[in-house]
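Numbers restart at 1 for each chain; the letters A, B, ... are given by sequence-line order, proteins then strands. Please read all numbers here as calculations on a predicted model, not as lab measurements.
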Amino acid sequence: MKKLTYYPGCSSHGTSEEFDKTVKMVMTSLDVQMEEIPDWNCCGATSAHTLSESLAYALPLRNLVLAEKLDNKTIAIPCASCYQRLKVTKYHMDNNPELALRINTTIVGEGTYTGKVEVKSMLQYCYEEIGLEAIMARVTKPLSGMKLACYYGCLLTRPKAITQFDSPEYPISMDRIVEALGAQATEFDYKTECCGASFSISNTEVVIGLSGKILEMAKESGADAIVVACPLCQSNLDMRQPDIEKHFGKQYHLPVFYFTQLMALAFGADPKELMFNKHIVPVEEALAKIGKVEPGPEKIKKPKKALEAESEVE
Amino acid sequence: METIVKDQHVSIEKPEIAAPPDWEPVIIGILCNWCSYAGSDLTGTSRIQYPPNIRIIRVPCTSRVDPWFLIKALQTTADGVLVSGCHPGDCHYITGNYYARRRFLVTKKLLSFIGFHENRIQFSWVSAAEGPKFAKVVAKVTDDIKKLGPLHLYKKENFEK
Amino acid sequence: MARVGVFVCFCGANIADYVDVPMVVEETKKIREVKFAIEYKYMCSDPGQQLIREAIVQHRLTSIVVAACSPRMHEKTFRKALSDAGMNPYLLEVANIREHSSWVHQKDKKAATEKAADLVRMAVAKSIANEQLFEISVPVTKRALVIGGGIAGIQAALDIADARIPVVLVEKSPSIGGKMAQLDETFPTLDCSQCILTPKMVDVASHPYIELIPYSEVIELEGFVGNYKARIKKKASYVNFATCTGCGACWQKCPVKVPNEYNMGIDKRKAIYTPFPQAVPNKPVIDAAYCTMLLKGKCGICAKVCQVGAIDFKMQEEIIEREIGAVVVATGYDLWDPKPYEEYGVGRFKDIITSLEFERMVSANGPTNGLPVRPSDGKIPKNVVFIKCIGSRDEAKGIEYCSKICCMYTTKHTILLHHKVHDSHAYVFYMDIRAAGKGYEEFVKKAQVDTAATYLRGRVSKIYKKEDKLIVRGEDSQIGQVVEVVADLVVLATAVIPPKDNPELARMLGISYDKYGYLSEAHPKLRPVETAKAGIFLAGCTQAPKDIPDTVAQASACAAKVCGLFAGDTMKKDPMISTVNTEFCSGCQNCVQVCPYGAIVTEEVPMGHGSKEMRTVARINEGVCQGCGSCVAVCRSMAISLAGFTDHQIINEIVSI
Amino acid sequence: MITLGLEEKNEILSEVNRRSGANVLECYQCGKCVSTCPVSNYMDYPPRETMQMIKLGLKNELLMANSSWFCLTCSACSGRCPREIDIPAVMEAIRHIAIEENYINDSKKVKEIRKFHEIFLDMVKRYGRNYELRMMAEFNIRTRNLFKDMHLAPKALLKGKIPLGVKPMKSAKAIQRMYKLAEKLDKKHL
Ligand SMILES: Cc1cc2nc3c(=O)[nH]c(=O)nc-3n(C[C@H](O)[C@H](O)[C@H](O)COP(=O)(O)OP(=O)(O)OC[C@H]3O[C@@H](n4cnc5c(N)ncnc54)[C@H](O)[C@@H]3O)c2cc1C
Ligand SMILES: Cc1cc2nc3c(=O)[nH]c(=O)nc-3n(C[C@H](O)[C@H](O)[C@H](O)COP(=O)(O)OP(=O)(O)OC[C@H]3O[C@@H](n4cnc5c(N)ncnc54)[C@H](O)[C@@H]3O)c2cc1C
Ligand code: SF4
Ligand code: SF4
Ligand code: SF4
Ligand code: SF4
Ligand code: SF4
Ligand code: SF4
Ligand code: SF4
Ligand code: SF4
């Protein structure tokens, strides 16, 4: 049995309850035991580093230090924003001892940061530590017939020097996971364009523009639904979708799933358990595709460089 | 001789031996043919003035400079030595001055370990185009050595000319 | 005992005004070994030299000191005066009392005079230890090796051969021609590349002084300038070139199709092939990686159809040795693979091609009948976006430097597009237009006006697909707006990079290369075709990116250098080099490590006279040593001595002040 | 018109470079960042122009501009910058200098963005965690935009999308202490 440290993040108790819940379900079926960081605090999100350098590091640092008290080598974090804050903090603490010492003084009494725990996003954990084979092995109800646009957002793979995971421009880890679940990942060029996450409340105009373009391109790719790995992406694309449709005068009908919801579904969980009722955009139509494999366009072959191509014999 | 060796950079030269009133130091400048010697020629053709204490010896490359030359110079005629060559990467002989630089640093450590003040031997990079720089370097080295006074340490005073 | 003559120069007023010359002469006369000392107004003038010549004879002098200007100025002049008087020229020493004294201490005559006297004393002391030295003459093998048969190698080979010096031209691929053979029309004049190249290639093939060794590589070079020996590995072509008539029956019948590298993989060639119709030599080779006969023992069709029985499946690779005196390296360049531009969807979108692919498409002998087409659907594109500086000037994804040629060939491509597809429109994303060259800016201006191409100043940030179009997004920084161009085809002007085996080649030849892998010239301005190793020269893009005019100019410069080197039957060399006294050498090989030229080898000598046991000692190759003295300083056994700068000479200078 | 050559030295350049760890002088104005940036069209000066203004030393204009407040720190630009300039760090440096030196851009948008971040940090200070509903409400009240997003509220609340309470931390005190110490550190090191 694998063990990991879990940092749920603030939205796990709010807007992304279904993410939190399905992460737990999936980890249980994959035989992973999760230990929540005791009395964790908010990572500070974009607001902390917008206004204060020290707070931007201090808030995540407390969580890192608390996590070190548990005996696991990895913290896995579902929310991309929390993940990035903790990862960036870890990066600077590891690479700038002077800063580390300074920031450590803000969390008096909690302990000293040593850097022994690895920070990964939940997506990265599934892709790297669990692996496609183990995921595939659990699939009892393949999602064949579903065409999905995998949206990673900007925080999971950037900045590359810090995240060290997948490609910042055209990542494929989530695509491979949904393919392992039996679905088809579409060729989607807006995988890592920003949805405007941190402006969700303060600057909705921006969010509508950016998220609108993402929905547009996802539709263009032929997807039935979008898959995400971040609560902010989810709420921007899902909750704001009616507004966006109104603003652009277009209809998308693209439900926005957490990848763990789909994993749980493919592992055979009862759909009722998966909190689809919390979605603003109805999911039924997309889920109805499961099992109905269209002839559709042939699967996109991995492009080969011309000269590497095989020779042919007449 | 009273010696106080605190660390290897502490000079054990005796400052209390006062310099004669009209004392002028002798400095030996060992210059590579292609850069610094040509640079010193340019200082001349540009008529840039510098202190007259330096006596120049031409070598093909600073890598030709044997640490022994420096020791011999300090032991006999010189109060200080300047070794000057091409800028790193510009060595006429590709890599010569890298070796020279490394060897020089070790020599300097060694000399200051046995008691010479570290300013007694200096190293610089002067290219064939840096006439003014050569004058500056010589002025600085001369100044440094003047401050240190005549060199008595290990001198073979009975040297025959 | 030594008998030294000293000649102190006034240099008109140059020295005399600031140094008391007669006083220097008086001081000098006090030195025991000085048997003659005199001052004179202009030592370098003929009467001045005559003074030296006479004194040598009259006073039976054993060495001469001239106290005058810098030795960098007149050392040669005075050495000649010595030889004219029958004295070994290396018994001369020059005391530099002008640049090092009169000119730099103009305000203190006393100090300047004292210093001048010291400088003379030092020169006298050194000259006492001077020895007779003799110019080294090294025999020369008058044959040049040219590595690489692109336009650089072709030009160098032809120019050298025209001077009736034999040339061995080694080309890696089955034909010479290089990248130029793949080009359509060439800037800045739009001559057809094949039309100007093919005659030169034919000349190479028929030149009595050129031995062309295609499909081969140099694997070893030993020796030194004038006396190199090269080992050349000739790959098995499985076709006997001596009997093959080049009829082409074999490749027409061969059933195996392989992506055609000459056409950038856009079409196919056969497993037995000549790379292109104008190839030189125009004989096919079998590609062992694909021929089913060689791989699985099945087929043999080519052998059956060949009327002259030229096919030989048992052919083995061969090693050829040639003695040569000089080498021209002309291995050209490669193009950077744009895969790291993931934001452009490189590798995912078929309708993104590279400039060389475009060049093949628009070439009359290309795979698409001279028309640009979209690889995805074969349609003729209307809107074509050209993106410059791909991989160039991009330290994040590619390399730091500017590739120099892509501004110009992209301009050319807008013209070619305009010529071939009349209703097309070119969009060029650029950062700068670098058109410094004869007729270049004029070419760019004419192209911009004639084609009405849209120039957008900015780097493209993203390409994505919408239906069957590619949407290219970038900023036009001139109006400060983000623009998106709806494109049918995107052409990437990929960076020029050095061939990836250049470092290995450089190590084999004993020359250096820069951090990118370009071979290094001896001096960026004044010795741009020489390497630091005597007798090895560089031509073309292997040294740095350049276009055809620059390549040809450098190649001809190499030829001039080679001809200069071979001007006499022997080469004269400065005798100021190092030698090892094997008696003292302990065999530690410190010297071997530091020699920048690899001039030091080891050899076995008997332990003692007549002893059977052997020990290792160092030996310096006098043809290679450049006289830097690095080895002398590292030799702890004091076994090495550098003529002209011996320990004895330098110590004499030090202690004589 | 801008007149150059009057300032002794370019302070904003050295200050931005120091804080961001980037070297703005390396920018060669390719504009790749501008067409990458999702919000460049909202910015007074998109990243490329910001870089040039830093080079010109136009301190007041830079610190008053909305650009740094609009930067989402999405790192898309820096991931593509051929000169590997950490553009979001540059934006952040400008924002922090503006805060410290009290340069206030009083456009409605910047005020709202700033307010949002302040309220967010306030929530965290109070509860150690973010309390989404309360934050939205406060934001609406404090920006005098009572009905903003109200059309979303019934559906979201109904679906349990936005819960009515927060599970506060046990050691919220520790967080408050941290805030105090961090504030001091900011002062000392900025
Ligand atoms: C798309 C494009 C368009 C261009 N258009 C123009 C133009 O219009 N006008 C212009 O002036 N220039 C143009 N150029 C530039 C031109 O191609 C070069 O200047 C020229 O080809 C350089 O010649 P070269 O001989 O140095 O190199 P290459 O042409 O690369 O020749 C090198 C040769 O050496 C051989 N070789 C490599 N390694 C070895 C080895 N180890 N042993 C033996 N042989 C070896 C190679 O097989 C090759 O034959 C263009 C370039 C490109 C990419
Ligand atoms: C401000 C400036 C800065 C530069 N800096 C650099 C630099 O940093 N690096 C660099 O690489 N290049 C530099 N250059 C360029 C460099 O000066 C030239 O590349 C180089 O000098 C060209 O040499 P040349 O022999 O062709 O011409 P010139 O130097 O012009 O020599 C021509 C000679 O021919 C003589 N002459 C002319 N007509 C006749 C005649 N009819 N009969 C006999 N003799 C004649 C002239 O008197 C002259 O001596 C610079 C140029 C300028 C203007
Ligand atoms: S030898 Fe030199 S110093 Fe003497 S006259 Fe000639 S140039 Fe002048
Ligand atoms: S068929 Fe024979 S002669 Fe003709 S090209 Fe082929 S090998 Fe040469
Ligand atoms: S033997 Fe090889 S080269 Fe010859 S025809 Fe067959 S496959 Fe082609
Ligand atoms: S030549 Fe032009 S296109 Fe090529 S790298 Fe230089 S500036 Fe860019
Ligand atoms: S360094 Fe001296 S002792 Fe050592 S191998 Fe070379 S010559 Fe011989
Ligand atoms: S003098 Fe220099 S070049 Fe000659 S053998 Fe010694 S190290 Fe090599
Ligand atoms: S991408 Fe980088 S180099 Fe280009 S304009 Fe932006 S900051 Fe400057
Ligand atoms: S990090 Fe800021 S400046 Fe850069 S692309 Fe994102 S929003 Fe724009």
Participant: Can you name the closest pair of heavy atoms from P71(C) and Y37(B) and give their distance?
Facilitator: CD-OH, 3.2 Å
Participant: Check C628(C) against S63(B) and note the closest heavy-atom contact, atom names and distance.
Facilitator: O-OG, 3.7 Å
Participant: A quick test of your reading: do over 12 heavy atoms of other residues, nucleotides or ligands sit less than 6.0 Å from CE of M23(C)?
Facilitator: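 Atom CE in M23(C) is not packed in, count stays at 12 or less.
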Participant: Let me confirm one number: the OG-CZ distance from S656(C) to R55(B), rounded to the nearest 0.5 Å.
Facilitator: 10.5 Å
Participant: So does Q49(B) get a backbone contact from the side chain of Q106(C), meaning a donor-acceptor N/O pair under 3.5 Å?
Facilitator: no
Participant: Name the option with the most non-hydrogen atom pairs under 4.5 Å to chain B; the candidates are D647(C), N96(C), D108(C).
Facilitator: D647(C)
Participant: Please round to the nearest 0.5 Å and tell me the distance separating atom CZ of R47(B) and atom NE2 of H105(C).
Facilitator: 13.5 Å
Participant: At a heavy-atom separation under 4.5 Å, does E93(C) approach chain B through its side chain, its backbone, both, or neither?
Facilitator: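 Neither part; nothing is under 4.5 Å.
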Participant: Once you round to the nearest 0.5 Å, how far does CZ of R72(C) lie from CG of D41(B)?
Facilitator: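 If we round to the nearest 0.5 Å, R72(C):CZ and D41(B):CG are 6.0 Å apart.
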Participant: Nearest 0.5 angstrom please: I57(B) CD1 to N652(C) CG, how far?
Facilitator: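 Going from the CD1 atom of I57(B) to the CG atom of N652(C) covers 10.0 Å.
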Participant: Looking at CG of N53(B) and NZ of K115(C), how far apart are the two atoms once the value is rounded to the nearest 0.5 Å?
Facilitator: 8.5 Å
Participant: Evaluate the side-chain proximity of I650(C) to F69(B): yes if any heavy-atom separation is below 4.5 Å, no if none is.
Facilitator: yes
Participant: Kindly give the heavy-atom pair with the smallest separation between I657(C) and V26(B), and that separation in Å.
Facilitator: CG2-CG1, 4.0 Å
Participant: As an exercise, state the distance from CZ of R636(C) to CG of D66(B), rounded to the nearest 0.5 Å.
Facilitator: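 Spacing of CZ (R636(C)) from CG (D66(B)) equals 11.5 Å.
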Participant: Does atom NZ of K109(C) have more than 12 heavy-atom neighbours, drawn from other residues, nucleotides or ligands, at distances under 6.0 Å?
Facilitator: yes
